[in-house]
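For reference, the structure is listed below as structure tokens.
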Amino acid sequence: MPELPEVEVVRAGLEPAVTGSLITDVDVLDERALTRHEKTHGDFAASLIGRRMLGAVRRGKFLWVPLDRMPLDRPPSDERDRALLIHLGMSGQVLLREPGIPGERHVRIRLVIEHPELGEFAVHFVDQRTFGSMAVDALVPTPDGAPGGVGHSATTVPSQVAHIARDPLDPAFDDAGFYRALASRRTTVKRALLDQSLISGIGNIYADEALWAARVHFDQPVATLSRPRARALLAEVRLVLQRALAEGGTSFDAQYVNVNGASGYFSHSLNAYGRQGQPCPRCGRPLLRATFMNRSSHYCGHCQRIRRPRTPQPPAP
DNA sequence: AGCGAGCCCTGCGCGC
DNA sequence: TGCGCGCAGGGCTCGC
């Protein structure tokens, strides 16, 4: 449920507190929050305590905190730089709290960090549905040599993020490559928008919103999208994400990250998602809801129709 | 390659 | 009042 804008709000809120902070304590209250942590990287808590955090980086819906190297010698096989990887899943939150106060209902992991100027914080990883998780992961170089994500200049990403495409707000996102992929793939457009290995950061809500804004039907085959319509769609994707980001960016205090599922999801500005039966803001006809990919698609049956290209596509070789 | 199904999980809202 | 069910869905694996 947290999509790019929500995760970016978390990243931006976390950044000033974690950058330069030392991890002094780690408490794993629920092992299910470590499903992404590979034991080959050592014990989760032990590999974090004593390390300094260098920033907060995001690609799509993935968030990570690069770590400095241990002051002590390490075996050569262990020399790779590492990061604390965070995925919020469906219901995850990262909350900055004063140390020592009792945790929220679904706190899964608690870190205590010490900032050189701001002092001590508790970082609570709260997750009701436990689809989210934290992990310590090795950083690997980006194939294109550009920064791994938004928020840090290092040209690395956690190994678990290596297959995730750049997101459309990343300056290094490859527009031309995206259009080429659309032209060559035999899939449909919403499926493509949700494919994190093609374009990342988009979930069900903003997919429906961008498709509505671009007047594209969710089940349109991507290979039949004209280049201008593909351009328009990518532009609307960016607009929808930026608009949500602008709204979310004002709803949190710089020191306390608090993005919640229900109210924090910028729901008041949605045109299509969850509005089945209500009039389309553009044409007034009732919005529809269809089941697609085991989830809901919300769309306008009048504005968003499958458009076949004028000339038939050549058969695939 | 691409797609459907299944799995992980909890809270909520519904019908009976 | 309460029970059981369906639904919400991100990411990943498996099998076709």
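Computed from a predicted model, the values in this text were never measured in an experiment. Per chain, numbering begins at 1; letters A, B, ... match sequence-line order. Note that these values count all heavy atoms, side chains included, but never hydrogens, waters or copies made by symmetry.
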If only side-chain N and O atoms of [X] are considered, is one of them under 4.0 Å from the OP1 or OP2 phosphate oxygen of [N]?
X        : N      : value
A/His163 : C/dG11 : no
A/Arg129 : B/dC8  : no
A/Arg295 : C/dC7  : no
A/Gln196 : C/dG11 : yes
A/Arg32  : B/dT10 : yes
A/His87  : C/dG11 : yes
A/Arg289 : C/dA8  : yes
A/Thr35  : B/dC8  : no
A/Arg186 : B/dC3  : no

Nucleotide nearest A/His106 (side chain, heavy atoms from C-beta), chosen from B/dG11, C/dG10, B/dC3: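 Per side-chain heavy atoms of A/His106, the pick is B/dG11.
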
Minimum-distance nucleotide to A/Arg185 side chain [options: B/dT10, B/dG2, B/dC9]: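 Of all the options, the side chain of A/Arg185 is nearest to B/dG2.
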
Modelled atom types, side-chain donor and acceptor of A/His298 and A/Asp208, under 3.5 Å: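 Their side chains do contain a donor-acceptor pair, which is all the 3.5 Å distance test asks for.
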
Between A/Glu6 and A/Tyr206, a side-chain donor and acceptor under 3.5 Å: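 The answer is yes; a qualifying pair exists.
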
Using atom [atom1] of [X] as one end and atom [atom2] of [N] as the other, report the distance to the nearest whole Å.
X        : N      : atom1 : atom2 : result
A/Leu198 : B/dA1  : CG    : P     : 14 Å
A/Lys61  : C/dG9  : NZ    : C1'   : 9 Å
A/Leu182 : B/dG2  : CG    : P     : 12 Å
A/Ile202 : C/dG10 : CD1   : P     : 12 Å
A/Leu4   : C/dG9  : CG    : C1'   : 17 Å
A/Asp195 : B/dC3  : CG    : C1'   : 12 Å
A/Leu193 : B/dG2  : CG    : P     : 15 Å
A/Lys190 : C/dG10 : NZ    : C1'   : 13 Å

Any-strand Watson-Crick or G-U partner of C/dC16, both distances under 3.5 Å: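 Check on C/dC16: paired to B/dG2, both distances under 3.5 Å.
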
Transitive ILVMFWY side-chain link A/Leu169 to A/Phe178, under 4.5 Å: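 A/Leu169 clusters together with A/Phe178.
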
Touch class at under 4.0 angstrom, heavy-atom based, for A/Ser296 against every strand present: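 Result for A/Ser296 = sugar-phosphate.
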
Heavy-atom side-chain proximity of A/Lys190 to A/Asp219 below 4.5 angstrom: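 A side-chain contact is absent here, since even the closest heavy-atom pair is not under 4.5 Å.
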
Within 45° cone of A/Trp64 ring axis and under 6.0 Å: A/Arg82 NZ or CZ: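 So A/Arg82 doesn't make the cation-pi contact.
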
Aromatic-base stack, A/Phe131 on C/dG11, cutoff 5.5 Å, angle under 30: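 Taking the rule of under 5.5 Å and under 30°, the ring of A/Phe131 does not stack on C/dG11.
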
Salt bridge (Lys or Arg N to Asp or Glu O under 4.0 Å) evaluation trace for A/Asp167 with A/Arg58: CA-CA 9 Å; A/Asp167 63 65; A/Arg58 182 193 55 76; 3.0 Å; yes

